[in-house]
Amino acid sequence: MSKVRIYTLAKDLGVENAKMLEILDGLGVSYKSVSSTIEEDTVELIKDILAAEAEGGAPAQADADTTPAAAPTEAPAQTTVQTAPQATEAAAQTGAAPVADQTEAPVSTEKEIPHRAPVVTIMGHVDHGKTSLLDYIRKTKVAAKEAGGITQHVGAFEAKTSKGKIVFIDTPGHEAFTTIRARGANVADIAIIVIAADDSLMPQTREAIAHAQAAKVPMIVAINKVDLPQADPERVKTDLTQLNLVPEEYGGDLVVVPVSAKTGEGVEDLLEYISLTAEIEDLRADPKGEFSGVVIEGKVDKQAGVLATVMVQEGTLHVSDFLVVGENYGKIKAMTDSNGARIKEAGPSTPVQILGFSEVPSSGEKVISAKNEHAAREVVAGRADVRRDEEDARDRRKGQRSLEDLLGPLGTVRTVNLILRADTQGSVEAIQGILARKEKDDVKINVMLAGIGAPTEGDVLLASTAEATILCFSVTASGGVKKVADTKGVDIKSFRIIYELIDEVDRLIKGNLEPVFEERYLGRAEVRMVIRHPKSGNIAGSYVTDGSLKRNAKAKVTRGKQVVYEGTIVGLKRFKDDVREVQTGYECGINVDWNDVMEGDIIEASEMVEVEQN
Ligand SMILES: Nc1nc2c(ncn2[C@@H]2O[C@H](COP(=O)(O)OP(=O)(O)OP(=O)(O)O)[C@@H](O)[C@H]2O)c(=O)[nH]1
């Protein structure tokens, strides 16, 4: 039985993709996207339905030539208040298609909300070509500017295609950014999974797929680097099948597009598929509705101050609007679009950079607007109250727990104190995410302070009292701060590559282990004569009968069966000379920090040795 692709059929029959899907829904035919295929049999049924609809007077398609113009009645206006069946009836009576949808489908107010551009995130394994692909699309060179070749920050840009606007979120690929990436998928409508044709599926590819699946966003696979002689796109497809992701050519629903970010091959097709998928998703947002958005990235700019990239999801932002993020609010002083051009307003699916927050917001945080400053303050105060209540409740629970800890066995937990400084909130969060995973039962990583921008003198003071290390990512300490750190004995370490910073943390975890000492037996001596010395105390003239004795070793003095003293060998002499060690068979003068030593006492020496830990 041969199959036909939905969008091809829709085109052939001259109906909108959305209309075609609606008919398929009515028939109970399952599909994933307009690029899915259906049985040839179904085609006849669809034709019948369309014919019946045409006869019934309701137009089957939104064709300006064949659809009667909307009657000059109030029908379109009424549709906003009518229930769906009434609206359909009205449409049928007037012979007019409800305006927004251009089909005879039941009209709901939702359908009158305009379409918005899709927000796309590109995910995949390191070096599989995410940045290069985005570069090709926006025709600028971003990859060359990045430290260590890794995309460090979440940005966004708009691409104009023949099918309309597509917004790309530039999510970084390194494992370090898992947290941002996870959030990236939530802001996004469509996920592009980039897989290098010469490398196939790698751990982060699977992770990216898992994120997209968890966020329930449709996926498109871009098999990149097909220009390479060793490229093996078929292998990628087979590997995908093993994950239950079956490419269309193998009878599944997964859209797989071979591309080359180098030559540009296939990129147009990829954009086309994105637009098609967006069409199926029927993405809409009301520019006139209440504003809501999500922070993609927050950072401090040396000149401008706090900058936040916000994705407008609903409504429209205007300069001078009051915004609330978490427990902070701000008034938009200026807004720029993704090209850096100043704009006065921004509608749905627009990434904008906003100047006006006093605190750096975190990526993934929700942004809402407030009528005026007073209202913004009220929202913030309300949220602060809620947080305090939650904290109180948590403290109470913690109190109960620590009591249990006390009653339970005493475990030794080591703490690595850190102060973290990075250039953006995204980096801070990413690093914290990794650090959290490094914690073990017996090692606690205590990030005392995590902030954006260069470390300050205050950080150094905090670090010196808490014996913390200051770790900097993409920021460096000023000369003045370094000087204070030197005098206070505080380590400030700067990194440009995340995993080098993480390596340092690993070293700190190891180096920070509280040394564990073990008492090791050294030797034994018998006291044969006690020399009373008015100034330096009593000297026990002794004979080493076993092992050796060392200065500063622990001393245990036994008399008969009784241990009469435990202390330290503070002095050791051979004749008149101070010595460090005396071996078996030699006589020596032992000065113990205890005066009541007697002939016949046995001095047993031991030392504390550090045990090597892994
Ligand atoms: N031949 C060929 N090389 C490519 C292609 N796309 C990317 N590359 C190369 O692959 C390497 C990695 O590309 P990036 O774009 O930096 O990869 P990425 O996935 O963004 O990497 P991270 O940002 O580090 O996660 C670079 O050397 C690119 O020049 C392609 O289509 N063909």
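We count residues from 1, following the sequence as given. Indexing begins at 1, ligand by ligand and atom by atom, following the structure's order. Predicted model, so just to flag it, every value in this text is computed and none were measured.
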Please identify which atoms of ligand 1 are closer than 4.0 Å to at least one heavy atom of [X].
X: Ala261; value: 6 (N), 30 (C), 31 (O)
X: Ser132; value: 6 (N), 7 (C), 13 (O), 14 (P), 15 (O), 28 (C)
X: Lys130; value: 15 (O), 17 (O), 18 (P), 19 (O), 20 (O), 21 (O), 25 (O)
X: Ser260; value: 31 (O)
X: His125; value: 19 (O)

Please compare Thr131, Asp127, Val194, Asp227 and report which has the shortest non-hydrogen distance to atom 12 (C) of ligand 1. Asp127
Ligand 1-proximal atoms of His128, by part, heavy-atom distance under 4.0 Å: backbone
Could you tell me whether Leu228 approaches ligand 1 through its side chain, its backbone, both or neither, with non-hydrogen atoms closer than 4.0 Å? side chain
Do the charged groups of Arg342 and Asp337 touch, with an N to O distance under 4.0 Å? no
For the residue pair Pro361 and Gln425, what are the closest heavy atoms and their distance? O-CG, 3.5 Å
Take the angle between the ring planes of Phe322 and Tyr329 and call it parallel below 30°, perpendicular above 60°, tilted in between. tilted
Side chains of Thr424 and Ser427: donor-acceptor distance under 3.5 Å anywhere? yes
Do Asp135 and Ser132 meet the criterion of a side-chain donor-acceptor pair at a distance under 3.5 Å? no
Would you say the rings of Phe473 and Phe495 are close, in the sense that their centroids are separated by under 6.0 Å? no
Result of checking Asp491, Ile445, Leu418 against Leu508 for side chain to side chain contact (heavy atoms under 4.5 Å, CB included): Leu418
Considering both backbone and side-chain atoms of Gly129, is one of its nitrogen or oxygen atoms within less than 3.5 Å of a nitrogen or oxygen in ligand 1? yes
